[in-house]
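Since the structure comes first, as structure tokens, the remarks are kept for the end.
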There are 2 protein chains.
Amino acid sequence: MTESTKISKKVIERLSEYRTALDEQSAGEQRNIFSHELARLCGVTAAQVRRDLMSIGFSGSSAKGYDINELKQTVSDFLGFGEERRVVLVGIGHLGRALLDFFVNRHPKLVVCAGFDVNEMRINRVIHGVRCYAVSEMERVVAENRAQVGIITVPESAAQETAERLVEAGVTGVLNFAPVQLRVPGHVFVENLNISTVLEKVAYFAGLNADRERVTK
Amino acid sequence: MTESTKISKKVIERLSEYRTALDEQSAGEQRNIFSHELARLCGVTAAQVRRDLMSIGFSGSSAKGYDINELKQTVSDFLGFGEERRVVLVGIGHLGRALLDFFVNRHPKLVVCAGFDVNEMRINRVIHGVRCYAVSEMERVVAENRAQVGIITVPESAAQETAERLVEAGVTGVLNFAPVQLRVPGHVFVENLNISTVLEKVAYFAGLNADRERVTK
DNA sequence: TTAACGCTGTGAATTTTTTCACAGAAGTTT
DNA sequence: AAACTTCTGTGAAAAAATTCACAGCGTTAA
């Protein structure tokens with residue numbers, strides 16, 4: 001960590017997508033990939049791929065493009081997959097369970113190590129392979145597991161308190177599905193993912209497109 | 001639709017968030033809101049709020065700020081909530097069901113009108129209030145409902161075909177949870193929401209923050 | 001009536017992100 | 001071994017997004 005010109009959220013997102021795309025490709029026989037090929041796989045431009053890889057100091061060859069394995073390794077290392085990251089999930093409703101199902105054994109380096117809920121029915125059980133606890137045990141379990149990341153899928157009214165307790169217990173990154181703006185200390189990264197907002201956006205542009213179709217037809 | 005200087009995705013997202021925030025507030029007695037108040041609720045700057053509202057031609061008063069009801073109405077209209085939008089969901093696995101649960105009766109103007117799956121166990125049932133069909137009926141049901149929006153929660157391998165069939169049936173906006181880049185005609189809006197990518201991003205910044213903490217301590 | 005206040009609306013400046021465009025590298029063909 | 005081709009890496013340009021900063025307005029206070 002000698003000198004790291006800060007990398008933006010957008011670049012991190014795309015790096016993650018490059019890695020995913022390569023993983024999916026990797027069954028193939030191809031050993032190298034050109035910027036425009038990777039770009040097409042991820043729906044971005046070739047220049048963007050080159051610039052992103054440049055920003056993490058990865059180089060290819062002008063004749064063969066990028067070495068796929070090397071690239072996957074470099075991106076993985078950059079994203080911090082050298083060591084396992086521990087994630088906890090608070091709120092084991094439908095969405096929470098879907099996320100558990102989604103992540104468990106899907107990602108080698110992001111392991112969901114515990115779930116929490118207030119509902120008696122959900123605690124002291126193993127759901128999709130993840131042990132679930134009462135929220136009252138949050139501080140202890142999070143700290144014991146040294147979890148850095150928390151996923152919040154509790155109702156809106158409980159989100160702020162949940163965030164505070166997670167942070168108190170040592171979490172430095174939160175993925176928040178509740179439609180509230182969490183107030184957290186400056187050293188904590190929060191990403192809000194409001195599914196309603198996303199769907200409203202899609203609906204908006206779907207509407208525009210439908211209108212345009214109707215007009216041009 | 002006389003002259004609409006195109007509004008960006010980002011602005012649409014924020015407008016949606018403003019509306020959500022106001023809905024949550026609206027139980028309160030407050031009739032007006034200042035840009036800095038709304039900004040704080042949504043985690044953006046006051047100037048940003050003002051600029052966004054300017055871009056849809058909404059005006060407030062310098063002394064009282066924005067009229068909450070008027071603003072909600074204007075944003076809703078702008079986002080196209082004048083009439084109900086119909087949404088279908090393809091892939092009724094854990095995530096699909098969670099989304100059904102999430103949307104049904106939550107959003108007055110975005111109504112999920114049908115679900116589709118290949119699994120016999122899931123078809124011809126009503127799940128979270130939504131009727132589920134075999135994918136073979138997709139074209140018919142989508143067209144009959146005039147659904148404009150499709151949510152794809154099928155496995156990656158089926159995503160492209162699903163998208164094509166949705167588009168064929170008349171969908172002009174797709175929310176895609178599968179980690180593939182869908183190829184669709186230009187008049188179709190696609191939003192990819194790769195939950196792994198989002199979590200990897202959070203983990204990355206959580207890691208940075210944790211490191212920083214460790215250093216400064 | 002006048003002064004003072006705190007806000008909006010918005011040009012202009014700034015910052016961030018993306019794209020352009022091309023020199024130079026590495027291979028291939030003739 | 002020279003001419004071609006097609007790529008990468010990257011300054012520089014362009015475009016997009018955000019923030020600054022302030023004139024001017026409506027309100028309240030004196």
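Throughout, protein chains are lettered first and strands after them, A, B, ... in sequence-line order, and every chain is numbered starting at 1.
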CA sep, side-chain torsions, deciding dist, call: F189(B), T172(B), side chain to side chain contact (heavy atoms under 4.5 Å, CB included): CA-CA 6 Å; F189(B) 177 87; T172(B) 49; over 6 Å; no

In this structure, how many angstroms lie between the [atom2] atom of [N] and the [atom1] atom of [X], rounded?
{"X": "D67(B)", "N": "dG26(D)", "atom1": "CG", "atom2": "P", "answer": "16 Å"}
{"X": "I33(B)", "N": "dT8(C)", "atom1": "CD1", "atom2": "C1'", "answer": "15 Å"}
{"X": "E70(B)", "N": "dT8(C)", "atom1": "CD", "atom2": "P", "answer": "14 Å"}
{"X": "I12(B)", "N": "dA16(D)", "atom1": "CD1", "atom2": "C1'", "answer": "16 Å"}
{"X": "L53(A)", "N": "dG9(D)", "atom1": "CG", "atom2": "P", "answer": "8 Å"}
{"X": "E13(B)", "N": "dT18(D)", "atom1": "CD", "atom2": "P", "answer": "10 Å"}
{"X": "L15(B)", "N": "dA17(D)", "atom1": "CG", "atom2": "P", "answer": "13 Å"}
{"X": "I56(B)", "N": "dG9(C)", "atom1": "CD1", "atom2": "P", "answer": "11 Å"}

Counterpart residues, side chain to side chain contact (heavy atoms under 4.5 Å, CB included), relative to A158(B) (two or more places apart):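 Applying side chain to side chain contact (heavy atoms under 4.5 Å, CB included) to A158(B) gives V154(B), T162(B).
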
Give the ring-plane orientation class for H128(A) versus H94(B), where under 30° counts as parallel, over 60° as perpendicular and anything between as tilted.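 Judged by the thresholds at 30° and 60°, the geometry between H128(A) and H94(B) is perpendicular.
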
Aromatic rings H107(B) and F81(B): how do their planes relate, parallel, tilted or perpendicular, breaks at 30° and 60°?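 H107(B) vs F81(B) ring planes: perpendicular.
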
So for the helix from dT1(C)-dA30(D) to dT30(C)-dA1(D), with five pairs setting each end axis, what is the inter-axis angle to 10°?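 Answer for the end axes of this duplex: 0°.
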
For F78(B), ring pair (Phe, Tyr, Trp, His ring centres under 6.0 Å) partners two or more places apart: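 Here the qualifying residues are Y204(A).
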
Quick check: are there more than 12 heavy atoms from other residues, nucleotides or ligands sitting under 6.0 Å from NZ of K109(B)?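 Yes - once you tally the heavy atoms of other residues, nucleotides and ligands closer than 6.0 Å, there are more than 12.
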
Can you tell me if N69(A) and Q73(A) form a side-chain donor-acceptor pair at under 3.5 Å?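 No pair is found: no donor N or O on one side chain lies under 3.5 Å from an acceptor on the other.
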
Assess the side chains of Y18(B) and D52(B): does a donor N or O sit below 3.5 Å from an acceptor N or O?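 There is such a pair between these side chains.
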
Using 4.0 Å as the upper bound for N to carboxylate O, is an ion pair formed by R31(B) and D67(B)?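 Salt bridge between D67(B) and R31(B), a charged N being under 4.0 Å from a carboxylate O: no.
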
Contacts under 3.5 Å, N or O only, protein and nucleotides 3-7 of chain C:
residue : atom : partner : partner atom : Å
dC7(C)  : O4'  : S62(B)  : O            : 3.3

Below 3.5 Å between N/O atoms, which protein atoms pair up with nucleotides 16-19 of chain C? Just atom names and distances, please.
residue : atom : partner : partner atom : Å
dT18(C) : OP1  : R14(A)  : NH1          : 3.3
dT18(C) : OP2  : R14(A)  : NH1          : 2.9
dT18(C) : OP2  : R14(A)  : NH2          : 3.0
dT18(C) : OP2  : Q48(A)  : NE2          : 3.2
dT19(C) : OP2  : T45(A)  : OG1          : 3.1
dT19(C) : O4   : R51(A)  : NE           : 3.0
dT19(C) : O4   : R51(A)  : NH2          : 3.2

Please name the residue in the list R19(B), K9(B), R106(B), R14(B) that meets the salt bridge (Lys or Arg N to Asp or Glu O under 4.0 Å) test with E200(A).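 Only match with E200(A) under salt bridge (Lys or Arg N to Asp or Glu O under 4.0 Å): R19(B).
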
Holding to salt bridge (charged side-chain N to carboxylate O under 4.0 Å, His left out), I want the full list of residues that pass it with E13(B), two or more places apart in sequence or in another chain.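 Only K201(A) meet the salt bridge (charged side-chain N to carboxylate O under 4.0 Å, His left out) criterion with E13(B).
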
